[in-house]
Student: 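Take this structure first; my questions come after.
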Amino acid sequence: MSRSGAGAYRLPKGGTVDRDAPISFELNGKRYRGYAGDTLASALLANGVRTIGRSFKFHRPRGVFACGVEETGALVQLHDGARGIPTARAPLVELTEGLRARSQAGWPSVNFDLGRVLDLFSPLWAAGFYNKTFIWPSWHTYEPVIRRLAGLGRVPPERDPDRYETGNLHCDVLIVGGGRAGLEAALEAGRAGARVVLVEQHHELGGEALWAQQAPEGMPLHESSASTASRLRTRLTAEGAAPQEWPASAASRLDAGRTAEVIPAQAWLARTMAQLRALPDVRILTRTTATGCYDHNVITLLERSPPSGSAGASARERYWIVRARRVVLATGAIEQPLIFANNDRPGIMLAGAARQYLRRYAVAFGSRPLIATNNDSAYLLAKDLREAGVRVLGIADTRREISDEVRALVRALSIELFTGCIPIDTRGPGSVRRVWLGELSQDASGITRKHAVDCDSLAVSGGFAPALQLYAQAGGKLIYDGTSGALIPATPGASSPAARRSAIDIVGMAASRVPIGPRISPVGKSSRKWVDFLHDVTVADIELALRENYTSVEHVKRYTTLGMAADQGKTSAAASLEIIARLRGVRAAELGHTTMRPPFVPVTLGAIAGRDVGERFAPQRLLPIHDWHVANGAVMHDFGEWRRPVVYLRPGETREQGMIREATAVRNAAGLFDGSPLGKIEVHGPDARDFLDRFYINDLSTLQPLRARYGLMLRESGAIFDDGTVVMLDANRFLVTTTSGNASRVAQWLEEWRQCEWPNLRVAIVPVTEQWATVSLAGPRARDILAKLESDIDLSGSAFPHLSMREGTLLGTPARIYRVSFTGELTYEINVPAKRAQTLWDALLAAGTPLGLQPLGLDALLLMRLEKGFLHVGTDTDGTTVPNDVGWGKVAASKRRDYIGKRSLRLPENLRADRLQLVGLTAEQGTSFVVGSHLRTADSTEVTDGWITSAGTSVASRAPIALAMLRAGRERIGSEVDLYDAGVLQGRARVVQPPFFDPTGARMNA
Amino acid sequence: MRMLGQALRGHSGWRPAWRDAQPKSGYDVVVIGGGGHGLATAYYLAKNHGIRNVAVLERGWIGGGNSGRNTQVCRSNYFHAASSSFYDHSLRLYEHLGAELNFNIMLSQRGLIQLAHSEHELEITRRWCNAVRMNNVDCEMLTPAQIQRLAAPIELNGRFPVVGGFMQRRAGISRHDAVVWGYARAASALGVDIVQNCEVTGFDIADGRVRGVRTSRGTIAADKVVMSVAGYSSHLAALAGLRLPITTMALQAMVTEPVKPILDVIVISASVHAYASQSDRGEIVMGAGADAYNSYAQRGGLPQQRATICAVLELFPSFSRLRLMRQWAGRVDITPDTSPLMGLTPIEGLFINCGWGTGGYKAIPAGGDTMAHTIATGVPHPLIAPFALDRFKRGALVDEGAAAGVAH
Amino acid sequence: MREAADIRIAAIERRSVWQIKTWLASHDEAARAMFEAQGLSRRVGETSAAFGGRALTLGPQEWLVVGEALRLEREPVAQDWIAVNVTDAFGMLEVQGASARELLSKGCGLDLHPRVFRVGQCARTRFAQLPIVLTCVGHADRFELLVARSYTRYLRDWLVDAATGCGEVA
Amino acid sequence: MLRIACPYCGERDEVEFTFGGTSHVARPSEEVDDATWAEYLFVRDNPVGAHFERWLHAYGCGRWFNVARDTLTHEILKVYLMGDPKPELSRT
Ligand SMILES: Cc1cc2nc3c(=O)[nH]c(=O)nc-3n(C[C@H](O)[C@H](O)[C@H](O)COP(=O)(O)OP(=O)(O)OC[C@H]3O[C@@H](n4cnc5c(N)ncnc54)[C@H](O)[C@@H]3O)c2cc1C
Ligand SMILES: NC(=O)c1ccc[n+]([C@@H]2O[C@H](COP(=O)([O-])OP(=O)(O)OC[C@H]3O[C@@H](n4cnc5c(N)ncnc54)[C@H](O)[C@@H]3O)[C@@H](O)[C@H]2O)c1
Ligand SMILES: Cc1cc2nc3c(=O)[nH]c(=O)nc-3n(C[C@H](O)[C@H](O)[C@H](O)COP(=O)(O)O)c2cc1C
Ligand SMILES: [Zn+2]
């Protein structure tokens, strides 16, 4: 064994690492060397680093256990600072220059772990421990200490500097798994002309074939299911997923391959890749894991970018959403451990993993290894170790019956074989130093003899569990199979509901069963036999759960947390079923299994969100003259998706001062308000009037051309939905306005009724909110200012009165001008095509500034509408307010014909006299009304009698004013109510009838 | 110290937490549904009313419904007085439940912050907070700076800036499974039969009175039957000839891999549409909306998963590098006003306790207590009178969403 | 993944857009006559030449006509359909280049494979969370995006950002 | 994620659609009693299995249409136009 270069356990030759490209990296501040092509795990193993992390509950030392996503021991915190990654699995971390990793869960350090004392007390920390203890005086007293011990990695403190993306894919066939089975399926489907996407979670294709080479001839490794290729082919063709004919020769290739020519894996891979590349519609994604299988064949993928180190990569990770007509699972199988006392020590590793480290990375996982298995696969490890010059201390096989081929192989290797033997205990300290092997009794329920083997490492193979998580996610039923000791499809093939619904095929190793012998040591302390390594769940925990009647597998899971760690039971589910079944004396197949759910492997949240973070979390809408507002001191706030000016600040002004200045300008001269988000809908057609009349509480049958009617629209429940005006242009054309927030909701509401309820009405609904910019010119000088602009519209009060509308031209462009008012002042609400908004705005300012015109923000606008007591739907009303609550009861009741919501107004609750009603409040100078304060009347027996919905200080009178919803409010006009905020009586208010300003409306009617 | 003794004896002395009973031919009261509500109802029937000849029939395993898959938020800061009174009764029962049941339900009253992202929302939030205060339940407004102190990883200046919020300090989380098991254990000890793998498939009803239930394990007679089957309420009610105003939907939740403590409070945002807390094991538990359509699949879809995660990252951008570990869903029973349906039905002797939708975990103790009272006396407990089935006919909805903008 | 290639994202100005709607059910005889007379396609997702512009069939009763300085008011407006000028309601962006389909597929779930979404096809869809109308207008991977005016800047910024990694952006 | 075949636009992602609840609900006249009106307002079908419901292709053609969908498996059993009668479903 080479003692130089990148690690003492690195073999002098072999593997696919690049020995000419050494890489240095750190674990816990200590420097090590590896090679390009290494993973963090392989490089650490090469350097003989055994203890890498600490276990979750008992803080036991843990090392590399696997060579893939099922890793349970080698979990590290990667990188520092903002680029930190918690709980990285070392076998999946591609080694890069300068990589820094830290052990996790060690507190304060891996080698001296304070949490380790927990292990000494582990009998105390049995499953359900928390439920039985820490009850006095209360859990909260103990919680902070317990919490500190929990968790593995750390969340980086800063914002993530990396970029992520999401993408969409469509294909005829999605193949999950780039092993031999997957590549051959891709070739088949691609040759048939199908659009194919193949994904492989590792950075290299080939799966097991990449490193396993061919099995020695005549040695059947797996009992494979029937002709996967022909099944796949038939299905693809039948469902039209394969548009072209399948070449006749392809029919048997996949199956034939099993026995046909034996060529080296690398050569086979190169040939296959060349063939795949020649196909036009085959897309191959490496470093890409299929993580979720959702309804209707939608599959999610997580793609990792190569760890280039260069900042050029556009995204660290990418989350793909694939819509596939068929899915082929060529996901292989996950090797399972053996269960015996102290089976969790560093130095104990899955045999397949040990073999991968050997063949791919040229790393020996130990120098004096022992092998324990219950199936044929581990013998290949023995062979490879021997060929690499490592002395194998022996192979323990839990089976008694072992095939002649295997026996011949062992003989050829001259390795000692212990048949019918299982490891029963190990000793450290720390990493494994000694293994006791026990000879199993005939029925494997006890041992007849035991002996110790001093070794420095132990490879275990407890069988193979097909990786069918995605199949189960799609609704496929799995059942425990006694022969292979794993979960397999309950109804194999096309007849299963999942296969039918989701069109899933399972091929290759994922579809096969590897027969196994016993895997659980019948002796040894059950509290030291780990089942779920990541969550520290032992056989004793399962025993306890069952004893306490937590017998369903779901209860066992929740009581012990088995299978709930980040690996989601990839190496514990199968064995735990066998253990539960044995303890309960039932067949494991009767137990069912816990639900497998997405994701298959943990997925970075940032990747799932992709670019929909920060400013792109939600779209933003800009006003037609947004830039002008920003350039002119506007304070912009969000109102729904819109960015709108609340006030235009002058230097040194506060928001309040600006608001008062603007409102004063409007009351004295004029203001210019950008109301473009106001909802605008055209309703055309011979039945337009009839149609609209079904939505408003107001009678539209009497509406005259060019007149505007204010109206309220209800939900079918009777609650106020929206308010606005309806204008009749002519018998076939109506214009509807809505509140800004409801513009698209109202349009959609009208469409829903048109399409679903009244399809025979001849109406067309055209939302035009965005077509027209809306600029409100309000104030006593409004007419004078507008008159300065070139127009064909007569602005005189008699020709163009309040609540009417005119179409014409203004500054040479089409304009629709309304006389409606939200401030209580004479107002022209001018609509021009949006691209003309700036021209109009500039012209009005130029004309009006000399007369005192100022831009007007929402703050001042809303204050002035408060003075007028105008209803603001959504502020004064909520989802329970009906017309009578806000003074529209008579109108609503007097309309003869049916309209949406009408019937609900007669439900008893809506007729009660003690409902909340909209009133005004005034108070002494100095009182400040706070929106959201509650009211209590003197004689009240209620918890609350209402609340303030809008409040401010009148510009006109400087007095505090408010609108409120008050129980039986209209009856209480003239009385006083108490105000409460933060649970404290704040003062009193007088109940009044709004408005607070210009009660006759003379100003707006001017 | 029982724990220590048991530890030394290899935990061999622990007894079954509850008896797995064989169903008898008849009971005084049959409770359908072995979720939190059903088990608590049985417990309080036995404990408060001396009615011990009670069976809880569960089609699968107890706690396998929503009670065993929810995000554990317990609070009583409801807008409507009827609601906050009821839920505060529940929270008070929770506060002593661990001791009462001698089972640690891990109630952690770490506080819950409800965020406001605009001035308008802040006003609504204040109205809501004050409504809670008026009802003598704790609740206080917070400034952004206070929020940052309580929840360090929160981003105040995101796309949806945090302009304030309120907090109920007594709100918290507790361990859902423990609540179910604790009630089961205590009820069983008082003589209640807990029958798992027993699905109710029909009712015996004569002259407008319930006489018993038919089950996958035979017919069981009872003059009083209560349905507390959450998402299956419409289905079961139909077997009794009733149509309920309930829609069953898949409500989703998800967890990240466990990390060291980073978030000590529960944070909810209605307009960003997500909430998050950190469990004692370290996972960030995230919840949000339901998939938009009727579903009994007990499985969540993709759009809601993405929406929730985007929302959580909007609130906590530094969680970007955490990883999602598991995503699941429950069948929730949503009423038109998102308030529960509790009490009598038009069929004599048949009671309902459902409509808990997205928020009935916190209600388990009070739901059990008041239903037990209602069943024992035949008169709806005053706290649940507002939640009667006939409120819809009267138009007397108790709609948190409509009034406070946030349901749940 | 494809080699980096040029992507051009540009605003298109001075185009006029008209909305046509009818209340006739598309299977009506009258509707058929109307479609034929005006050159409108009734297949949702198709475009046709009409009113001197390109008519996009968005729904069974709905079209957008895109062209230069269209004046549909001048057309004799039949009884059963109406036309409304919505030129200012939209922003229009053009995405062009070899990576155009790859870029666009980041924003929406449409199948943009050249065999599936061909020249002359259009679709209203959800793109970058927004409702947009996407038209494939040229053989050389040229697409037009119509979006509500207020979202135009958001969409443009979105596209530019999404083009990171798609090659040279113009 | 559901993939719904809009009768006008073809198969699209769930996020393009808005769910509209049970279909074929008749709107009563305003003459009916409170109980009937409340039933119309608040009570909808909620079956385990086939549900006849309406969907809006909000981000597409803007049309409402009907879908028969299995609420347990989410399988879409049938898509049909607004106004079409409730179809017979032949279950396999
Ligand atoms: C993801 C998610 C998050 C949630 N988060 C919260 C939260 O943070 N806070 C909160 O307060 N609430 C939350 N909830 C809601 C809460 O979980 C439920 O309201 C509550 O658990 C309901 O309890 P239950 O006993 O009524 O129903 P369940 O616990 O669902 O119990 C009903 C039982 O009835 C059984 N059953 C059904 N049909 C039959 C039959 N025919 N015969 C026999 N048995 C039958 C079922 O198997 C089930 O076990 C959440 C729910 C979900 C799904
Ligand atoms: N004709 C034959 O003889 C034949 C045919 C098929 C397989 N085999 C043999 O069977 C063995 C197994 O082959 P196989 O291809 O079934 O399995 P494999 O283990 O070789 O390949 C499975 C691949 O799927 C990947 N994978 C698993 N889950 C994934 C996910 N969710 N997302 C992305 N990638 C995922 C794994 O990383 C792995 O590379 C090999 O030895 C192979 O040679 C032989
Ligand atoms: C508060 C909470 C925390 C959870 N934490 C975990 C966890 O750490 N690991 C895990 O696998 N599942 C966790 N789950 C999810 C459960 O495993 C399970 O998915 C959920 O209870 C629904 O049950 P089901 O998936 O068996 O249907 C958690 C669930 C809840 C409610
Ligand atoms: Zn459509």
Side-chain angles (χ1 to χ4, degrees), chain C residues 19-28 31 35 40-47 55-64 84 86 89-90 104-113 115-118 121-136 145-148 151 155, chain D residues 1-30 51-90:
Chain C
Q19 172 116 68
I20 296 182
K21 285 202 169 181
T22 178
W23 40 84
L24 295 176
S26 59
H27 49 79
D28 267 15
F35 300 155
L40 297 171
S41 167
R42 48 190 293 252
R43 301 263 313 260
V44 176
E46 280 190 355
T47 58
L56 285 50
T57 308
L58 298 184
Q61 298 178 313
E62 183 184 1
W63 297 260
L64 279 184
V84 176
V86 288
F90 289 103
L104 293 172
S105 76
K106 293 183 187 183
C108 70
L110 286 184
D111 188 350
L112 296 177
H113 192 284
R115 273 208 310 267
V116 181
F117 197 72
R118 295 182 306 266
Q121 277 184 289
C122 66
R124 189 152 56 186
T125 188
R126 186 174 192 264
F127 186 99
Q129 307 187 52
L130 306 174
I132 68 149
V133 178
L134 180 69
T135 314
C136 182
L145 283 72
L146 276 167
V147 65
Y151 289 124
L155 180 62
Chain D
M1 177 168 61
L2 306 184
R3 294 271 294 162
I4 301 173
C6 168
Y8 305 99
C9 308
E11 207 170 84
R12 298 285 184 93
D13 288 352
E14 174 186 327
V15 292
E16 292 200 359
F17 298 88
T18 305
F19 179 66
T22 302
S23 204
H24 309 287
V25 178
R27 184 170 191 263
S29 90
E30 55 170 321
H51 184 232
F52 299 88
E53 57 200 25
R54 72 190 197 196
W55 288 80
L56 166 67
H57 194 184
Y59 284 85
C61 59
R63 304 299 294 194
W64 285 93
F65 58 93
N66 289 316
V67 172
R69 188 180 53 92
D70 189 315
T71 58
L72 201 55
T73 63
H74 295 174
E75 192 174 358
I76 292 185
L77 308 168
K78 188 124 194 142
V79 173
Y80 56 106
L81 298 184
M82 203 77 251
D84 284 358
K86 223 185 241 192
E88 291 285 325
L89 297 175
S90 53

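Throughout, protein chains are lettered first and strands after them, A, B, ... in sequence-line order, and every chain is numbered starting at 1.
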Student: Considering residues, nucleotides and ligands other than D/Arg27, do more than 12 of their heavy atoms fall under 6.0 Å from its CZ?
Tutor: yes
Student: Output the distance between atom CZ (D/Arg12) and atom CG (C/Asp111), rounded to the nearest 0.5 Å.
Tutor: 11.0 Å
Student: Please report the closest heavy-atom contact between C/Arg124 and D/Glu16, naming both atoms and the distance.
Tutor: O-OE1, 4.4 Å
Student: Taking C-beta and beyond as the side chain, do C/Gln61 and D/Arg63 meet within less than 4.5 Å on heavy atoms?
Tutor: yes
Student: Which pair of heavy atoms, one from C/Gly109 and one from D/Asp13, lies closest together, and at what distance?
Tutor: CA-OD2, 3.5 Å
Student: By ring pair (Phe, Tyr, Trp, His ring centres under 6.0 Å), which residues pair with D/Tyr59, not counting sequence neighbours?
Tutor: none
Student: Please classify the contact of C/Leu130 with chain D as side chain, backbone, both or neither, using a heavy-atom distance under 4.5 Å.
Tutor: backbone
Student: Considering non-hydrogen atoms only, spot the tightest contact between C/Gly59 and D/Cys61 and give its length.
Tutor: CA-CB, 4.0 Å
Student: With C/Gln121, which residues qualify under side-chain hydrogen bond (donor to acceptor under 3.5 Å, both in side chains), at least two apart?
Tutor: none
